[in-house]
Amino acid sequence: MDSEPFLPYSRQNIDCLDVDSIESVLKSDFLTQGPQVPLFEAELCKYIGVDYAVAANSATSSLHVACLALGVGVGDVVWTSPISFVASSNCALYCGATVDFVDIDDETLCLDVSALSEKLQRYLDEGKKLPKVVIPVHFGGQSCDMEKIAKLAKVWGFKVVEDASHALGGTYISSLLGESRIGSCLFSDITVFSFHPVKMITTGEGGVATTNNFELAEKMRLLRSHGIKKDVQVSDEGPWYYEQQCLGFNYRMTDISAALGISQLRKLNGFLKERRHIADSYEFLLREHFGVQKVPTFTNSSRHLFPVRVKAELRRNLFVYLRENGIGVNVHYIPIYRQAYYKAKESTFISCANAERYYSEAISIPIFPGLKQTDIARVSNLLYSGLSKFA
Ligand SMILES: *Cc1c(COP(=O)(O)O)cnc(C)c1O
């Protein structure tokens with residue numbers, strides 16, 4: 001047992017082509033603000049099928065500039081899913097807005113569109129403030145029901161930012177427009193992806209926001225680099241002129257990261273194939289005795305995560321047992337409103353029933369390109385031996 005390698009729930013997959021592309025940037029003239037970032041952005045646009053891509057140093061930064069570009073500020077409200085990483089909701093707080101949560105669907109684990117619809121009506125009836133932006137999270141790599149969310153956005157007048165941090169390469173199948181890659185923004189204003197090492201492809205740290213709206217893309221570009229515009233043609237000042245037009249940040253991606261991103265993107269379809277194959281194997285082995293995430297027919301998942309559900313009474317023991325046996329299981333996620341910071345801020349958060357139940361039962365098991373069939377069998381055997389040990 002001891003000789004078997006530790007298996008994390010996810011990890012990067014780096015080969016010599018990645019190393020070569022980084023090395024060539026290191027030996028070039030530009031480590032940052034060179035040609036690699038615009039190249040990576042262009043490749044992402046082509047792969048996803050979207051007009052504009054604005055890369056940044058993390059998805060957290062991308063979510064922040066996305067909210068700012070949509071005008072989120074003090075007095076505004078943003079709604080998102082509680083079963084997500086804290087960044088999905090922190091981005092609104094950075095802008096001075098407040099956050100509220102819409103429960104997940106018990107089977108898909110993504111934002112429940114009927115709960116969203118019901119909450120909008122209830123808040124209107126109670127005279128409460130309606131959201132300026134809703135951030136659906138494509139949990140585990142499968143799309144939320146975007147056509148329905150877009151319809152609600154139109155009726156209720158909110159903007160939509162998809163948090164697709166898990167979902168690069170996944171698709172959404174619309175009854176109107178057919179299949180499109182997540183990020184093509186056919187049913188949203190902006191989509192954000194993460195390139196953290198556990199995600200679909202990596203740039204070390206990194207993220208990107210995609211949109212078909214030129215003004216939003218321009219605003220996000222401005223905000224990621226101090227609010228400074230360089231190519232302003234005003235100038236009595238002289239050819240050195242640059243202009244700070246708003247209060248931006250340094251959220252730029254480096255050329256080193258972008259070169260890694262370009263090289264990784266070339267392997268994405270292979271990664272997707274492997275992840276989907278692993279997910280199919282797990283489903284086959286586990287679905288009889290463990291709860292698994294339901295993938296609706298309107299989406300193809302990128303399979304970033306593979307959460308299994310067990311009886312709440314067994315979860316802790318099973319989790320510890322797997323960790324003790326070298327399986328780097330995790331829980332995705334603690335409902336955001338349960339975080340100490342959020343509790344201290346706001347005492348009135350209603351807890352979301354489906355999110356609570358899912359949280360009490362969930363264990364994410366390893367899934368990443370490079371995970372072998374023998375690893376899958378090992379994880380599955382440990383789940384079953386744990387189940388009979390503790391049940
Ligand atoms: C990883 C993740 C983020 C943050 O991504 P970073 O690139 O680490 O900033 C945001 N939302 C979700 C759902 C994530 O999984």
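One-based numbering, in listed order, for ligands and for the atoms of each. Side chains are part of it too, since the values below use all heavy atoms of this structure and drop only hydrogens, waters and symmetry mates. Residues: numbered from 1 along the sequence shown.
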State if F193 counts as touching ligand 1 under the rule of any non-hydrogen atom under 4.0 Å. no
Numbered atoms and elements of ligand 1 in range of S194, under 4.0 angstrom, heavy atoms: 1 (C), 5 (O), 6 (P), 7 (O)
Please determine if F85 has a nitrogen or oxygen closer than 3.5 Å to a nitrogen or oxygen of ligand 1. no
Any nitrogen or oxygen of H166, side chain or backbone, less than 3.5 Å from one on ligand 1? yes
Closest to atom 9 (O) of ligand 1 (heavy atoms only, candidates D163, V137, T60) is T60
May I ask you to decide if the ring planes of H304 and H166 are parallel, tilted or perpendicular, using 30° and 60° as cut-offs? tilted
Ligand-residue contact atoms, ligand 1 with Y333, heavy atoms, under 4.0 Å: 15 (O)
Can we say D145 and K148 salt-bridge, meaning some charged N sits less than 4.0 Å from an Asp/Glu carboxylate O? yes
Heavy atom of K199, distance to ligand 1 below 4.0 Å: yes
Side-chain contact test, heavy atoms from C-beta onward, threshold under 4.5 Å: evaluate it for L286 versus V308 and give yes or no. yes
Quick one: which ligand 1 atoms are inside 4.0 Å of a heavy atom on S84? 13 (C)
Any N/O pair S165/ligand 1 closer than 3.5 Å: yes
Parallel under 30°, tilted from 30 to 60°, perpendicular over 60°: which one fits the rings of F40 and F195? tilted
For ligand 1, which atoms sit closer than 4.0 Å to a heavy atom of A59? 4 (C), 5 (O), 6 (P), 7 (O), 9 (O)
D100 bridged to K119 by N-O distance under 4.0 Å: yes
Out of all atoms in ligand 1, which are within 4.0 Å of some heavy atom of G206? Include the element for each. 7 (O)
When the ring planes of H64 and F249 are compared, do they come out parallel, tilted or perpendicular, using 30° and 60° as the limits? tilted
Taking the basic N atoms (NZ, or NE/NH1/NH2) and the acidic carboxylate oxygens, is any pair closer than 4.0 Å for R303 and E283? yes
Does Y384 form a ring pair (Phe, Tyr, Trp, His ring centres under 6.0 Å) with F290? I'd like the steps, not just the answer. CA-CA 9 Å; Y384 277 108; F290 296 86; 5.3 Å; yes
